[in-house]
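Contents: one structure, followed by commentary.
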Amino acid sequence: MESYKLEMATTPGFSDFQILYQGPDMGHFISGLKNGDYYFRLCGEIKTASESERLCSATKEIKVKHHNLHTAFGFFFTGAIAFGAILFVIIKGADKKEEIA
Amino acid sequence: MSTESAILSPSIGWILLAIFGILWVYLGYFWGKKAKSLDGFMLAGRNVGLALGTATAVATWITSNTTMLAPQFAFQMGVWGMVAYSTASLGLFLFAPLAKRIRLLMPNGFTSGDFIRLRYGKPSWYLFLVISVFYSLTWLISMGMAGGALLEALSGIPYEYGMTVILIVCVGYTLFGGLYAVIGTDFIQTIIILAGIVVVAVAILMHADISDIYANVSERRPALLDMLFPAAIMAIFNNLLFGLGEIFHSNVWWSRAFAMREGIGKKAYTLAGIIWLPIPIAAGFIALSSGMFDINVVRPDMVGPMVAAHALGKYGAILIFIVVFCSLASSIDSLLAATSDLITEDFYKKIFNPRASEAQLRKVSAIIILTLGILTWVACVPRVGTLATVLFFAGPLVGSAIWPILAGLYWKKANGATAAIAMLIGSLSGLWAYFQLGWYTASLIGTIVSMIIVFAGTLLSRTSFQWSELNEKH
């Protein structure tokens with residue numbers, strides 16, 4: 001087999017599959033999926049002189065579970081506080097007129 | 001092993017490498033002749049003006065991480081990822097007033113290590129040196145990896161060969177010219193990088209309709225357009241603080257503050273921040289359009305260059321090759337020079353040989369540049385992880401240094417014991433977060449823990465530091 005199709009679906013029966021990649025490469029990077037279960041398989045065709053046969057790999061199930069939003073906003077606001085404090089010290093420090101020498 | 005189809009032939013790749021490699025080494029040799037003293041070699045005579053000062057800050061901060069990691073951020077974390085990456089410009093903006101104060105407090109300073117040693121004493125200084133050298137190595141490794149991966153993806157030159165040549169060229173011209181060569185080549189590289197990015201962004205906009213890009217991303221990668229994408233929300237301040245930590249602590253930026261003429265540093269860093277700010281947005285936008293060009297992305301850190309090269313064809317690939325080669329070279333040389341300065345001044349001179357002559361110091365500096373190059377090469381060969389995972393491993397360490405530096409510059413009551421504990425506990429807790437929560441949380445945790453310790457330690461402190469102690473005579 002010289003060319004593959006990487007198929008992804010949200011049902012184990014692949015009723016709603018979409019082809020993510022088609023070609024000879026042996027890797028594909030996936031990102032940006034929402035929470036849920038996803039099913040993947042590789043398919044290809046073996047051709048002989050008279051006929052061709054479609055073969056697919058075993059299905060691989062992947063569960064996508066993002067961090068929950070409470071945790072995310074916890075980090076966001078903690079970061080905002082740290083940044084605000086840094087900003088405050090620098091702005092206040094810029095006004096310092098103390099004797100240095 | 002994954003594969004991607006290269007757009008350029010290896011012979012074109014080698015020709016481009018040869019042209020720019022010879023050019024940089026020649027310029028390094030040419031400018032290196034100006035470096036007659038150690039001050040000249042390490043700090044370009046402390047006489048760098050606004051144009052060169054701004055250009056060197058921009059070129060150094062536009063690294064392979066900007067041209068390759070910013071698209072990766074967008075590709076993995078979507079719109080918020082682009083914003084998160086662009087927050088690194090705040091590091092330049094906020095270092096501007098620090099540069100002014102550093103020059104004021106330490107008119108004869110050489111390195112960021114000098115500051116920590118004079119301000120906090122030896123325990124903090126040793127810890128700081130470990131953090132700083134470790135960070136420099138991770139940055140160098142990430143850039144070496146980026147160079148090798150880029151050449152392989154664009155021209156089919158094997159990763160090991162491309163990475164090796166890039167490191168040899170950068171080590172070569174830094175060795176000849178010191179900071180003079182670094183700043184001089186940075187100026188040319190800035191012009192090439194900025195012109196290249198503008199051309200690529202305009203060309204992509206002409207090849208792809210924004211509404212089509214939006215529709216494609218909505219269908220194939222919907223979370224990238226989600227304003228409530230949790231990992232991206234977590235990453236925003238993490239990346240911002242990582243950028244601040246990198247700039248605030250690293251001798252790359254301190255050496256430029258010392259090298260610029262009095263009154264120049266603040267303006268140069270502010271201007272550099274303004275110029276740098278839109279670049280990650282442009283680079284991230286390029287990544288989001290990958291679906292439109294039907295490109296198979298195998299490694300997320302290669303998405304930016306691959307999209308640009310596919311969208312613009314052979315000449316676009318040549319342009320990307322040149323832009324990324326310039327961005328790599330301009331950062332690798334800066335890092336080699338600044339880290340070598342730090343080790344020469346802080347390890348060799350201060351610890352082992354306080355009476356070393358200028359000639360000895362220059363020789364040691366050259367050996368260190370060479371050694372750093374070799375260490376980087378050894379670490380790059382196995383190609384472990386992506387650019388993000390390698391680079392952000394140093395995040396908690398640099399994040400933990402932010403508050404000790406800030407407090408040391410502005411608060412008389414800040415003290416050495418607190419600074420050392422803050423860096424140590426901050427680093428360890430950030431590393432815990434790296435492995436337990438994800439790389440996009442580690443800098444934030446390291447910074448916060450360090451901040452709490454610095455606040456508490458300073459509040460309880462009875463120290464009153466005399467600023468004049470920072471003005472060390474050499």
Side-chain angles (χ1 to χ4, degrees), chain A residues 2-10 16-36 38 42 64-101, chain B residues 1-5 75-78 87 90 94 97-98 100-101 104-105 217 219-226 228-238 240-241 244 296-300 303 399 402-403 406-407 409-412 437-438 440-441 444-445 447-448 451 455 467-468 470-471:
Chain A
E2 292 179 349
S3 178
Y4 306 86
K5 282 179 189 167
L6 174 62
E7 298 176 354
M8 179 183 81
T10 56
D16 62 343
F17 79 91
Q18 53 176 307
I19 297 169
L20 295 183
Y21 171 68
Q22 183 169 0
D25 290 358
M26 300 296 285
H28 178 80
F29 185 82
I30 298 165
S31 65
L33 297 180
K34 298 214 166 193
N35 283 341
Y38 296 87
L42 272 176
V64 174
K65 190 169 185 301
H66 292 281
H67 292 281
N68 70 56
L69 273 175
H70 287 105
T71 310
F73 278 111
F75 275 90
F76 182 86
F77 288 116
T78 310
I81 290 167
F83 177 61
I86 291 167
L87 210 56
F88 178 76
V89 170
I90 293 177
I91 291 170
K92 201 163 180 294
D95 294 335
K96 279 199 169 184
K97 299 274 191 295
E98 67 203 331
E99 189 62 42
I100 285 171
Chain B
M1 177 66 190
S2 306
T3 57
E4 281 173 302
S5 311
F75 200 59
Q76 286 186 266
M77 298 190 173
T87 59
L90 289 167
L94 295 185
L98 298 195
K100 185 180 173 187
R101 187 156 177 86
L104 184 71
L105 294 173
V217 176
E219 186 197 335
R220 299 287 290 269
R221 304 177 193 272
L224 300 186
L225 298 174
D226 186 355
L228 296 176
F229 188 169
I233 291 170
M234 291 161 89
I236 291 173
F237 280 103
N238 182 75
L240 189 158
L241 294 169
L244 292 190
N296 180 39
V297 178
V298 176
R299 286 178 59 96
V303 62
I402 293 174
W403 277 96
L406 267 187
L409 281 170
Y410 291 113
W411 297 344
K412 287 188 162 192
L437 302 171
Y440 43 86
T441 61
L444 173 57
I445 298 287
T447 308
I448 283 284
M451 179 177 97
F455 277 8
W467 298 119
S468 55
L470 289 172
N471 188 6

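What you are looking at is a predicted structure, and each value in this text was computed from that prediction instead of being measured. Here is the naming used below: chain letters follow the sequence lines, and residue numbers restart at 1 for every chain.
- The structure places CZ of Phe75(A) at 5.0 Å from CG of Leu437(B), a figure rounded to the nearest 0.5 Å.
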Return all side-chain donor-acceptor pairs below 3.5 angstrom for residues 230-237 of chain B, not counting sequence neighbours, or 'none' if the list is empty.
none

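- Note that the CD atom of Gln76(B) and the CD1 atom of Ile30(A) stand 12.5 Å from one another [nearest 0.5 Å].
- Remark: side-chain polar atoms of Arg220(B) are paired, donor with acceptor, to backbone N or O of Leu20(A) under 3.5 angstrom.
- Smallest separation of non-hydrogen atoms from Ala85(A) and Phe455(B): CB-CZ, 4.4 Å.
- With a 4.5 Å cut-off on non-hydrogen atoms, Asp226(B) touches chain A through its side chain but not through its backbone.
- Across every non-hydrogen atom of Phe29(A) and Val298(B), the tightest pair is CB-O, 3.7 Å.
- Applying the side-chain contact (heavy atoms from CB on, under 4.5 Å) rule to Lys5(A) yields the partners Glu7(A), Ile19(A), Gln22(A); only residues at least two apart in sequence or on another chain are considered.
- Outside the 6.0 Å centre-distance limit, the rings of His67(A) and Phe229(B) are not counted as a close aromatic pair.
- Of the two parts of Leu90(B), only the side chain, counted from C-beta on, holds a non-hydrogen atom closer than 4.5 Å to a non-hydrogen atom of chain A.
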Test side-chain contact (heavy atoms from CB on, under 4.5 Å) applied to Phe83(A) and Thr87(B), step by step: CA-CA 11 Å; Phe83(A) 177 61; Thr87(B) 59; over 6 Å; no
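- Contact record, Ala82(A) with Leu241(B): CB-CD1, 4.2 Å, taken as the closest heavy-atom pair.
- Leu228(B) touches chain A through backbone and side chain together, each having a heavy atom under 4.5 Å away.
- Highest contact tally toward chain A, considering only Leu98(B), Asn471(B), Ile448(B), Ile402(B), is held by Ile448(B) [criterion: heavy-atom pairs under 4.5 Å].
- Residue contact with chain B, scored on non-hydrogen atoms closer than 4.5 Å, is absent for Leu6(A).
- With a threshold of 4.5 angstrom between heavy atoms, Pro222(B) approaches chain A through its backbone and through its side chain.
- A side-chain donor-acceptor contact under 3.5 Å links Asn296(B) to the backbone of Gly27(A).
- Here the CG-CD1 distance, from Leu409(B) to Ile90(A), works out to 9.0 Å after rounding to the nearest 0.5 Å.
- Residues Ala223(B) and His66(A) come closest through the heavy atom pair CB-NE2, 4.5 Å.
- With a 4.5 Å cut-off on non-hydrogen atoms, Leu244(B) touches chain A through its side chain but not through its backbone.
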